[in-house]
Every structure is written in C-alpha cells, then in structure tokens.
Trainee: 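Okay, here's the structure, questions in a sec.
All chains are named by letter (A, B, ...) in the order of the sequence lines, taking the proteins before the strands, and each is independently numbered beginning at 1. Excluded from the calculations below are hydrogen atoms, water molecules and symmetry mates; all remaining heavy atoms, backbone and side chain alike, are included.
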Amino acid sequence: MEEQHEFRTEKVGALKEAGVLPWPDRFERTHSASEARELPEGTDNVAIAGRLRFIRQMGKLCFAHLQDASGMLQIMIRREQVGEDIFKIIKKLVDVGDFLGIRGHMMVTRTGETTLQANEVVFLGKALRPLPEKWHGISDQEACYRQRYLDLIMNPETRERFDLRTRVVRELRRLLDDDGFTEVETPVLMTRPSGALARPFVTHHNAMDIALYLRIAPETYLKRLIVGGYERVYEFARCFRNEGMDPSHLQDFTMLEYYVAYWSYEENMAFTETLVKDLLTRVYGSLDEAGEKTGIRWAGDWPKVALSDLVERDAEIRLADFPDADSLRAGIKARGFEIEGAEKLGRGSLIDQLYKKVCRPKLTDPMFLTSHPIDLSPLARRNDENPDVADRFQLVVRGWEIANAYSELVDPIDQRKRLAEQAGLKAGGDIEAMEMDEDYLLAMEHGMPPISGWGMGIDRLIALLTKQSNLRDVVLFPTLR
RNA sequence: GGGGGCAUAGCUCAGUCGGUAGAGCAACGGUCUUUUAAACCGUGGGUCACAGGUUCGAAUCCUGUUGCCCCUACCA
C-alpha cells in the first residue's frame, strides 16, 4: 500500500475514535456552490456540500474551496467559531479530496472573494487516495481514459464536453418527440447480424446453446416496427462492430436511427437539415453562435451534390464513361490516383474509394451527398431513373459522414435477391457481407409502406461540435485493453 | 494489419557522456486569524512499465513483451 493511502486509512480510524463517521449517510444542502455565490452578503443558514479541492490552513483560521456539480466556492473556517474539536479534525484528519458539508453565512473577504463562513463543519466522506496535483492536474491521456472521474474533477472542459453531449442527446430526443416520433428499444443481442456491412461481435447463449451477435445496427428491427404500424420510430442505439480501432472509430458507439412511413429520402433530407439546425439553435442559441463555437458554417442552405458529380468535379472522371469495374479501374489509374487493392474492388467500391481519397478531404461545410452506387447500399431503394444508384444521402461535415439515409427498400422480391447476393459474398469469405435474413423478409412480405430511414453517429456529431479529433474524448469510458 | 513515438514518486516533470535517483505539488512533524498554487522550518517516499542481454557498472545502450498516443489501410 502506498504511503498516502496508509496515512489516510489511519485517519479513518482516528475519525471514528473522535466520534465522527467517516462516511455518513446524508447531508441537507440549501444551495449549490454557484447558487450560494449569488446570495447577498450576510445571508445566514446557508449549507453547501462538496469535495475539498484546495485548503490553506493557518493556526486558528482556514480557507478552502469546495467543489460540487455547479462549481467551486471558497469557505472560511475560524477556530473560535466552529470549536476546538472540529478545527483540530480539519487540521489533522481532513485531506484534499474529502467531502465536507458547511453551514454558515455569506461574506466577502478582504480580497473581494465571495465566501461561505462556517458556523458548522460536517465531515461527509473520506478519500483514501490523493487527487492529482492541484496546479497541473491530470494530463496523461491514458489516465484520463482509465480514471475518467479524475479527469472530470480536475478538468472543467472535460465536464463541459460531456455536458454538451447530454444536452445534444436530450434536444434530439425532444425534437423527435415533438414531431410525433415514438422512441423504442430493440434487441442488442441478435441471432444474426443485420442492418449494416460490418463484422459483428459474437457471443454464446448457454441455455439455448446458440451463437448470438451484438447488433451492428438496429435497422431491420425498426423497419419491422413500420410493418407493425408505427409510422415514426427512433432509437438511440448502442451498436458494436468488431473492427479496427482508430481515432474515428469505436467498437462500441451510439447511433440514432429513425424511420418514417410515406417519406422519400428527399423529404428526409429536408427534415434532416431542419432537425440539425433546430438542434444547434437550441444548444447554442443561434446558428451563427453554433458556427462561432464549432468553426463550421451551419447557416445557409446546405448544398446537395450527387456522388458522381462530386467525383467528376474533384477527380475529373465522368462515371458514365466507365460503365464497368475494369474500365473505371483503368480510368482511375490513367488519372494517376492510387487505390490500394483496386483489382479486387467492384465498380461501386472503386467509386467509394475514389470519393474517400479525392473528394472527402476537401469537404468542410455541411453538404448532402446523394445517389450512391447501388451495390454499396443493399438495404436502400433503387432509383427509378438510374438503376445503378440508390435513393440515398449522407450528411457530410468537415469530411465526416455524420448521417446516412435512404429511401428504404420495401420490395421483398428485390430485397431477397440482394440479400442472396450478399450471402454469396459472405460464403466467398467477405466477413462484412450480410446474411440471408428470412425473418426480416417474412416481415417485409407482410407489406411495407414507402419508408425513409436515417442513421446518425452521435459520437461523431459530438466530436465535431466539441472539436475533438479522437472519438474516445467524447465517450466517458472508452474501451481500453 | 504496416510505420513512428512515449512509459522515472500519488500528480506534473527533470535526469548531461553509461558512474548507482532529482524538483514542484501532494504526504508526515512543526509555526501561523484574510488566504487564493498561502508562506516558512524540518522529514519520509522509487520494482526508473515488465523480462532478458551488453558492461566492472544501465533510468540511460541492445533485444523481446505489455500499455498508451500519432500516422497509414479498412468499417460510421
């Protein structure tokens, strides 16, 4: 045991001997620290509680700062006012990191700091380990992830970042609820992975003796609910993907998905723009303010650009001139773009790679990217005019895909065909391809209205808004080895 | 998966050419009734990430391992 842990453990015994409970069960507060600071000078019977963050002791007088969820407040404790016994306890048995309750009256010190002067000090909880250094705090990134509580105590900007996350999620929920959406919960454990192209986590159910998969997306369950008569559903869905980790990917992330009956992707696109703008207005006060805080120009109409037009603009390749994978591959090479493993990719994947490599890095302000290749969108509706592309859009901001949406494929005959293709790829070793999903097809065959659905990476949205480049910085407890 | 970087006291960090471990804060013992990183006097605290190797001698050089970070490839 470390020295400091040992000393503090001994203090627990000393507290008990002095008749003080080291971990009492309650304390009645009248104000938070920040509320107390607003009280007029002289206000009496003010009680606050919090963690001791700083303490400056003199012989018969002691200044300290208590931190609660609202902030910090200075307290002043005079021996003649609180009594010998408790003053001795404060001096000998109380450490930075402990919890205290203070009852007293508001005053202003000689240097002008609003302070709660104690009539009574109540011990509220012993800390056996010290807090990080008071000036430099904690900055080791691994320590911040593993001991997020210390990061939260020491770094106010960390707390603000997570408070923003909470506020964004709350406002999204309110906006959807107010628009007639119903929030639902669908299975996290699924008997087969579906709804996205991704490698799942596999686990085993002992009693049933079957493999279960952690969901990679809630999509097919939410669409079953549309079959069941829901017309606007959404879910904040924790999803899991067993794939590589880097600053922009988590294996455990939050996706907001919604589905709306009778909408096409175009109405969905209009709704998305309104939804995000309303969200930002509620969170930041105005779009201009949001732009100021996030460094992104949210105001103004967001352009809609077809993927093929974007590729033509940035890569100077007219996709219509390259109708198959071989010719496109040659065309890409002729323009001097390097795409790794190009020989194995189909036409859709080549376009996708070209976009990611050449176009995406140039995108900054919010933009809708539309009309993706059909073979990259196995659950999306085929466009009526151009059978090669899907009725699909992505909201791209600063090169990040924030939301992905389409007119859903509701034709069970086409769906069966496309899942069969995916299953073929899977049998051929494509670990991310989809499986045949008879249960979902059964639901579809009972009839679906037109649907447009939508998914948004909440972690990415928050990272974008808080200017974090690593998604781990917007997740309270990121997965670490 | 490929490449690079980092790991020293509870925290933040020094540590020279390879010569046997340092500071500030925190802790412990004191002084101290208006402090703001309080001040002052005194004291203790280390598996230098781990395991090997080279060497008379390793925090330092070499190899391996572990963890974290960054770049790169892929999935949102």
Trainee: Distance check, P atoms only: B:G15 and B:U54, in whole angstrom units.
Mentor: 29 Å
Trainee: Show the numbers, then the answer: is there a ring-ring contact (aromatic ring centres under 6.0 Å, His included) between A:Y265 and A:Y406?
Mentor: CA-CA 5 Å; A:Y265 79 105; A:Y406 20 87; 9.7 Å; no
Trainee: Should the ring pair A:W302 and A:W298 be called parallel, tilted or perpendicular, given that the plane angle runs from 0 to 90° and is split at 30 and 60?
Mentor: tilted
Trainee: A:Q141 has an atom CD; how far is it from atom C1' of B:C11, in whole Å?
Mentor: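 Computing the A:Q141:CD to B:C11:C1' distance gives 17 Å.
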Trainee: Just N and O in the side chain of A:R56: are any of them under 4.0 Å from OP1 or OP2 of B:A38?
Mentor: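 Affirmative; the distance criterion is met.
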Trainee: If the C1' atom of B:G4 is compared with that of B:C41, how far apart are they to the nearest Å?
Mentor: 49 Å
Trainee: For A:Y145, which contact category applies under a 4.0 Å heavy-atom criterion: base, sugar-phosphate, or nothing?
Mentor: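 Sugar-phosphate, no base atom in range.
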Trainee: Mind checking A:R472 for me? I need base, sugar-phosphate or nothing, with any heavy atom below 4.0 Å counting as a touch.
Mentor: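 Sugar-phosphate contact only.
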Trainee: Across all strands shown, which nucleotide pairs with B:G45 by Watson-Crick or G-U wobble geometry, both distances under 3.5 Å?
Mentor: none
Trainee: Using a 4.0 Å heavy-atom cut-off across all strands, classify A:N470 as base, sugar-phosphate, or nothing.
Mentor: sugar-phosphate
Trainee: With rounding to whole Å, what would you report as the distance between B:G3 and B:A49 at their C1' atoms?
Mentor: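 Nearest-Å result for B:G3 against B:A49 at atom C1': 23 Å.
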Trainee: Which whole number of Å gives the distance between the P atom of B:U34 and that of B:A21?
Mentor: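 Looking at atom P only, B:U34 and B:A21 are 43 Å apart.
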Trainee: Please classify the nucleic acid contact of A:R79 as base, sugar-phosphate, or nothing, using heavy-atom distances under 4.0 Å.
Mentor: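 Contact class for A:R79: none.
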Trainee: Just call it for A:L250: base, sugar-phosphate, or nothing, with non-hydrogen atoms closer than 4.0 Å on any strand.
Mentor: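 Base, at least one base atom sits under 4.0 Å.
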Trainee: Return whichever of A:K60 or A:H136 has its heavy-atom-nearest nucleotide of RNA chain B closer to the 5' end.
Mentor: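 Upstream on the strand: A:H136.
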Trainee: Select base, sugar-phosphate, or nothing to describe what A:M76 touches, counting heavy atoms under 4.0 Å on all strands.
Mentor: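 Answer is base: heavy atoms of A:M76 come under 4.0 Å of a base.
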Trainee: Is A:K91 touching bases, backbone alone, or none of the nucleic acid, heavy atoms closer than 4.0 Å?
Mentor: base
Trainee: Using a heavy-atom cut-off of under 4.0 Å over every strand shown, decide if A:G455 touches base, sugar-phosphate, or nothing.
Mentor: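 Counting heavy atoms under 4.0 Å across all strands, no contact is made by A:G455.
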Trainee: Determine the contact category for A:D246: base if any of its heavy atoms lies under 4.0 Å from a base atom, sugar-phosphate if only primed atoms, P, OP1 or OP2 are that close, otherwise nothing.
Mentor: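 Since a base atom lies under 4.0 Å of A:D246, the category is base.
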Trainee: Does either side chain, that of A:H372 or that of A:Q394, offer a donor lying less than 3.5 Å from an acceptor on the other one?
Mentor: yes
Trainee: Does a donor on one side chain and an acceptor on the other come within less than 3.5 Å for A:R392 and A:S377?
Mentor: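 On atom types as modelled, these side chains qualify, holding a pair under 3.5 Å.
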Trainee: Rounding to an integer number of Å, can you tell me how far A:L61 CG sits from B:A39 P?
Mentor: 16 Å
Trainee: Are OP1 or OP2 of B:C28 and a side-chain N or O of A:K11 less than 4.0 angstrom apart?
Mentor: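 For A:K11, the contact criterion (side-chain N or O under 4.0 Å from OP1 or OP2 of B:C28) is met.
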Trainee: For a quick check of understanding: with a heavy-atom distance under 4.0 Å over all strands, which category does A:E243 fall into, base, sugar-phosphate or nothing?
Mentor: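 Result for A:E243 = base.
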Trainee: Looking at every strand, decide which applies to A:Q353 at a 4.0 Å heavy-atom threshold: base, sugar-phosphate, or nothing.
Mentor: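 The residue A:Q353 makes sugar-phosphate contact but no base contact.
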Trainee: Considering Watson-Crick and G-U wobble pairs with both distances under 3.5 Å, what does B:C61 pair with?
Mentor: B:G53
Trainee: Checking side-chain polar atoms at under 3.5 Å, does A:S194 have a donor or acceptor matched by the opposite partner on A:T220?
Mentor: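 A pair is found: one side chain offers a donor N or O, the other an acceptor, under 3.5 Å apart.
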Trainee: Taking the P atom of each, how far is B:C11 from B:G46, in whole Å?
Mentor: 14 Å
Trainee: Indicate, with a heavy-atom threshold strictly under 4.0 Å, whether A:E113 touches base, sugar-phosphate, or nothing.
Mentor: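 A:E113: base contact, heavy atoms under 4.0 Å.
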Trainee: What is the distance, rounded to the nearest whole Å, between atom CG of A:D473 and atom P of B:C69?
Mentor: 9 Å
Trainee: So, OP1 or OP2 of B:U72: does either fall under 4.0 Å of a side-chain N or O from A:K357?
Mentor: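 So the side chain of A:K357 is outside the cut-off, no N or O lying under 4.0 Å from OP1 or OP2 of B:U72.
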Trainee: Give the rounded distance in Å between these two atoms: CZ of A:R199 and C1' of B:G1.
Mentor: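 About 12 Å, once rounded to whole Å.
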Trainee: Taking any strand in view, what nucleotide pairs with B:A7 in a Watson-Crick or G-U wobble way, both distances under 3.5 Å?
Mentor: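 By the stated definition (distances under 3.5 Å), B:U66 pairs with B:A7.
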Trainee: Tell me, please, whether A:Y221 has A:R224 positioned over its six-membered ring: NZ or CZ under 6.0 Å from the ring centre and within 45 degrees of its axis?
Mentor: yes
Trainee: Figure out the CG/P separation between A:N242 and B:C74, and round it to whole Å.
Mentor: 19 Å
Trainee: With hydrogens left out and only the distance checked, is there a donor-acceptor pair under 3.5 Å joining A:T109's side chain and the base of B:U35?
Mentor: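 Result: at least one qualifying N/O pair found.
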Trainee: Heavy atoms under 4.0 Å, any strand shown: does A:Q4 hit a base, just sugar-phosphate, or nothing?
Mentor: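 Here A:Q4 touches the bases of the nucleic acid.
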Trainee: Partner of B:G22 by Watson-Crick or G-U wobble geometry, both contacts under 3.5 Å, or none?
Mentor: B:C13
Trainee: Give the rounded distance in Å between these two atoms: CD of A:E142 and C1' of B:U12.
Mentor: 16 Å
Trainee: Taking the side chain from A:R51 and the backbone from A:V96, do they hold a donor-acceptor pair closer than 3.5 Å?
Mentor: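 Absent.
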Trainee: If you only use heavy atoms from C-beta on, which nucleotide in B:G44, B:A38, B:C11 is closest to the side chain of A:I138?
Mentor: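 Ranking B:G44, B:A38, B:C11 by closest atom to the A:I138 side chain puts B:C11 first.
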Trainee: Verify whether one side chain among A:Y145 and A:D473 offers a donor that lies under 3.5 Å from an acceptor in the other.
Mentor: yes
Trainee: Could you check how far CG of A:D151 sits from C1' of B:U12, rounded to whole Å?
Mentor: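 Answer to the nearest Å: 15 Å.
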Trainee: Using the P atom on both, measure B:G42 against B:G64 and round to a whole Å.
Mentor: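 Rounded to whole Å, the distance is 49 Å.
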Trainee: Distance check needed: B:U34 C1' versus A:Q81 CD, whole Å only.
Mentor: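 Result: 13 Å.
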Trainee: State which of B:U33, B:U34, B:C70 makes the closest approach to the side chain of A:R78.
Mentor: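 So the nucleotide nearest the side chain must be B:U33.
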Trainee: If only side-chain N and O atoms of A:S248 are considered, is one of them under 4.0 Å from the OP1 or OP2 phosphate oxygen of B:C74?
Mentor: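 For B:C74, neither OP1 nor OP2 has a side-chain N or O of A:S248 closer than 4.0 Å.
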Trainee: What verdict does the ring-ring contact (aromatic ring centres under 6.0 Å, His included) test give for A:F271 and A:F181, after you've listed the backbone C-alpha separation in whole Å, the side-chain angles of each residue and the deciding distance to 0.1 Å?
Mentor: CA-CA 13 Å; A:F271 179 77; A:F181 283 76; 5.7 Å; yes
Trainee: Just checking A:S139: base, sugar-phosphate only, or nothing, at a heavy-atom cut-off of under 4.0 Å?
Mentor: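 It contacts sugar-phosphate atoms only.
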Trainee: If the P atom of B:C62 is compared with that of B:G18, how far apart are they to the nearest Å?
Mentor: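 Straight-line distance between the two P atoms is 11 Å.
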Trainee: Taking 4.0 Å as the cut-off, does a side-chain nitrogen or oxygen of A:K134 come that near to OP1 or OP2 on B:C11?
Mentor: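 So the side chain of A:K134 is outside the cut-off, no N or O lying under 4.0 Å from OP1 or OP2 of B:C11.
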Trainee: Closest-nucleotide mapping onto RNA chain B: is A:D95 or A:Q57 further toward the 5' terminus? I mean the 5' end.
Mentor: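 Between the two, 5'-proximity favours A:D95.
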Trainee: If the P atom of B:A59 is compared with that of B:G22, how far apart are they to the nearest Å?
Mentor: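 About 13 Å, rounded to a whole number of Å.
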